[in-house]
> 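Let me give you the structure first, and then I'll get to my questions.
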Number of protein chains: 2
Amino acid sequence: MSQQENMPGETCPVARTLDVIGDRWSWLIVRDAFDGIRRFGEFQKNLGMARNILASRLRALTEQGVLEIAPASDGSAYQEYVLTPKGEDLFTVVVGLRQWGEQHLFARREKHSTLIERASGKPVPRISLHDQDGQALRPQDTIVKKVTPQNRS
Amino acid sequence: MSQQENMPGETCPVARTLDVIGDRWSWLIVRDAFDGIRRFGEFQKNLGMARNILASRLRALTEQGVLEIAPASDGSAYQEYVLTPKGEDLFTVVVGLRQWGEQHLFARREKHSTLIERASGKPVPRISLHDQDGQALRPQDTIVKKVTPQNRS
DNA sequence: CCGTATCCATTCCGATACTG
DNA sequence: CAGTATCGGAATGGATACGG
C-alpha cells in the first residue's frame with residue numbers, strides 16, 4: 001500500500017498495455033503465436049524457457065483475453081493456445097518491434113528473418129504514422145491529451 | 001550450455017529488440033521522453049520508480065543508443081536525456097502500444113489520454129499495415145522468412 | 001505429451017542513506 | 001538536484017521431479 005500508480009485506474013493506455021504484456025517472454029509467446037505455434041511443447045521447445053514460467057505466462061495471457069484455449073486440431077486430447085481477435089490486434093506492435101530491430105540492431109549483411117507478403121513474396125513495407133490526410137506524422141507533430149470519450153462507436 | 005537461443009547472434013529482430021527494451025520501465029521512460037521529459041528528477045517523480053533502477057535503465061538505454069546525454073537546456077550544471085534518431089524510431093511502437101490499450105483495455109466511457117495532431121487538434125488515426133499496393137494486410141497474409149540481405153540500401 | 005510443484009540462484013525493485 | 005551504495009523482500013528463471 002505504499003502508493004497507487006500501478007493500479008488499474010491508470011489513465012495511460014501505454015502503461016496499461018504494459019501491465020498486460022510488459023515482459024519479454026509474453027511478447028515472444030505472442031510472436032510465436034503469430035507464426036502458428038499453438039502447443040505447449042512447441043512454445044517450450046522453440047523458446048527454450050522453463051516450463052513453469054511458460055505455464056504462468058500462458059495462463060496470464062489467457063486470463064487477459066489475448067490467447068484462448070482451443071481443442072487440439074490433431075484429434076489428441078490436449079489443448080491449444082490461439083490468439084483471440086484482441087490478441088491479433090497486437091500484430092502492428094509485434095511488426096513494429098520487428099522492423100525497429102531490423103533497421104537498428106543488425107549489421108548491414110547480417111542474416112535475419114523478415115516479414116513478407118504470402119501472396120506476392122514481396123517484403124512488407126515499413127509501418128508509418130499518418131494524419132487524416134495521409135501526411136507522415138512525426139513525434140513532434142503530436143501531443144498527448146487526456147480525454148473522456150463520449151459517444152464513440 | 002543448455003542452449004544458445006538467447007545469444008546476441010539471435011536472428012529474430014523481435015527478440016533482439018526485446019533484449020534492448022524488453023521491460024516495463026524502459027518503455028515508460030521512452031514514452032515519457034516522447035512527452036518531453038528530459039531530467040532525472042522528472043522521470044523519477046513522474047514514474048514513481050526507485051532511483052537506482054531509473055539510473056540503471058537510463059544508463060542501459062544510453063549505452064544502446066536509444067537516449068543520449070545533452071547539456072541542460074536551462075543553464076544548470078546537470079545533464080538531460082533525449083531520444084536519439086534511433087530512439088525516435090520507436091515512435092510507431094509506442095503509439096501501437098497506446099492504441100491497443102485504448103481499444104482493448106478501457107471501458108466505453110472511461111477517461112484516458114490519447115494522441116492528437118498538434119496542428120489540427122484531430123486524433124491520430126490508427127496505425128495499420130498495408131502491402132505495397134496500399135491494401136490492408138492481416139497476420140495470415142504474411143509469413144516470416146529468413147533472409148541474408150545482399151545489397152539493400 | 002501436458003502441466004504442476006518444488007528447490008535454488010539470480011535479478012528486480014523499493015526504501016533509505018550518502019556523496020558531489 | 002543528480003546519482004551511487006546498500007539492504008531486504010519479492011518475483012523471475014532454470015532444472016528437475018512428479019502426476020493426469
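First the proteins, then the strands, lettered A, B, ... as listed; each starts at 1.
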> To the nearest Å, give me how far apart CE (Met49(A)) and P (dG3(C)) are.
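Value for this atom pair: 13 Å.
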
> For Leu97(B), does its backbone N or O pair with a side-chain atom of Thr17(A) as donor and acceptor, under 3.5 Å?
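Present.
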
> At under 4.0 Å, does any side-chain N or O of Trp25(A) touch on OP1 or OP2 of dG13(D)?
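Yes, Trp25(A) has a side-chain N/O under 4.0 Å of OP1/OP2 on dG13(D).
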
> Please report, rounded to the nearest Å, how far the C1' atom of dC13(C) is from the CG atom of Leu28(B).
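For the pair Leu28(B) CG and dC13(C) C1', the rounded distance is 14 Å.
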
> Got a sec, which residues hit side-chain contact (heavy atoms from CB on, under 4.5 Å) with Ala55(A), two or more places apart in sequence or on another chain?
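side-chain contact (heavy atoms from CB on, under 4.5 Å) check on Ala55(A) returns Phe40(A), Arg59(A).
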
> Can you tell me the distance, in whole Å, between the CZ atom of Arg24(A) and the P atom of dT11(C)?
15 Å

> Figure out the CD/P separation between Gln44(B) and dT4(D), and round it to whole Å.
14 Å

> Check every atom of dG14(C), dT6(C), dA17(D) against the side chain of Arg51(A) and return the nucleotide holding the closest atom.
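Between dG14(C), dT6(C), dA17(D), the one nearest the side chain of Arg51(A) would be dA17(D).
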
> Check DNA chain D against residues 31-41 of chain B and give the residues with a non-hydrogen atom under 4.0 Å, in numerical order.
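Contacts with DNA chain D under 4.0 Å: Arg39(B), Phe40(B), Gly41(B).
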
> Round to the nearest Å and state the distance from Leu54(B) atom CG to dG3(D) atom P.
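Distance, rounded to whole Å: 9 Å.
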
> To the nearest 0.5 Å, what is the distance between CH2 on Trp25(A) and CZ on Arg31(A)?
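Atom-to-atom, Trp25(A):CH2 and Arg31(A):CZ are 9.5 Å apart.
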
> With ILVMFWY side chains joined below 4.5 Å, transitively, what does Val147(A)'s cluster contain besides itself?
none

> For Ile37(B), does its backbone N or O pair with a side-chain atom of Asp35(B) as donor and acceptor, under 3.5 Å?
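No, the answer is negative, given that no donor and acceptor are paired below the 3.5 Å cut-off.
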
> Mind checking Tyr81(A) for me? I need base, sugar-phosphate or nothing, with any heavy atom below 4.0 Å counting as a touch.
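If one applies the 4.0 Å heavy-atom cut-off, Tyr81(A) turns out to touch the sugar-phosphate alone, with no base involved.
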
> Want to settle it: does Ala55(B) or Ala50(A) sit nearer the 5' end of DNA chain D, counting the closest nucleotide to each?
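Between the two, 5'-proximity favours Ala55(B).
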
> Enumerate the residues from residues 56-65 of chain A whose closest heavy atom to DNA chain C is under 4.0 Å, giving them by residue number; use none for an empty result.
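Nucleic-acid contacts, sorted: Arg59(A).
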
> With distance as the sole criterion, do the side chain of Asn52(A) and the base of dG14(D) form a donor-acceptor contact below 3.5 Å?
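Checked by distance alone, the answer is yes.
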
> Quick one: salt bridge (Lys or Arg N to Asp or Glu O under 4.0 Å) partners of Glu80(A), sequence neighbours excluded?
Arg38(A), Arg39(A)

> May I ask you to verify if any side-chain N or O of Gln79(A) is less than 4.0 angstrom from the OP1 or OP2 atom of dG3(C)?
yes

> Any sub-3.5 Å donor-acceptor pair from Asp131(B)'s side-chain atoms to Asp133(B)'s backbone N or O?
yes

> Report the C-alpha distance between Thr114(A) and His112(A) in whole Å, list the side-chain angles of each, state the deciding distance to 0.1 Å, and finish with yes or no for side chain to side chain donor-acceptor pair (under 3.5 Å).
CA-CA 7 Å; Thr114(A) 194; His112(A) 61 78; 5.0 Å; no

> Write out the stems for DNA chain D, ordered by first number and formatted as range with range, counting runs of at least 3 consecutive Watson-Crick or G-U wobble pairs under 3.5 Å.
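When the pairs of DNA chain D are grouped into runs of at least three, the stems are C:3-20 with D:1-18.
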
> Looking at Ile116(B) and Val124(B), what are the two nearest heavy atoms and their distance?
C-CG2, 3.9 Å

> Look at the rings of Phe43(A) and Tyr81(A) and say which category their plane angle falls in: under 30° parallel, 30 to 60° tilted, over 60° perpendicular.
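Taking Tyr81(A) first and then Phe43(A), their aromatic rings stand perpendicular (interplane angle over 60°).
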
> Do the side chains of Leu54(A) and Trp27(A) join up, straight or via other hydrophobic residues, at under 4.5 Å, putting them in one cluster?
yes

> Strictly distance-based, threshold 3.5 Å: is any side-chain N or O of Gln99(B) a donor or acceptor partner for the main-chain N or O of Pro125(B)?
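Yes, the answer is positive, given that a donor and an acceptor are paired below the 3.5 Å cut-off.
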
> What is the distance, to the nearest angstrom, from the CZ atom on Phe43(B) to the P atom on dC1(D)?
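Atom CZ in Phe43(B) sits about 16 Å away from atom P in dC1(D).
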
> Please report the distance, rounded to the nearest Å, between NZ in Lys45(A) and C1' in dA15(D).
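Checked: the NZ to C1' distance equals 19 Å.
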
> Nearest of dG13(D), dA15(D), dC1(C) to any side-chain atom of Tyr78(A)?
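The closest nucleotide is dC1(C).
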
> Given atom CG of Asp23(A) and atom P of dT12(D), what is their separation to the nearest angstrom?
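Value for this atom pair: 8 Å.
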
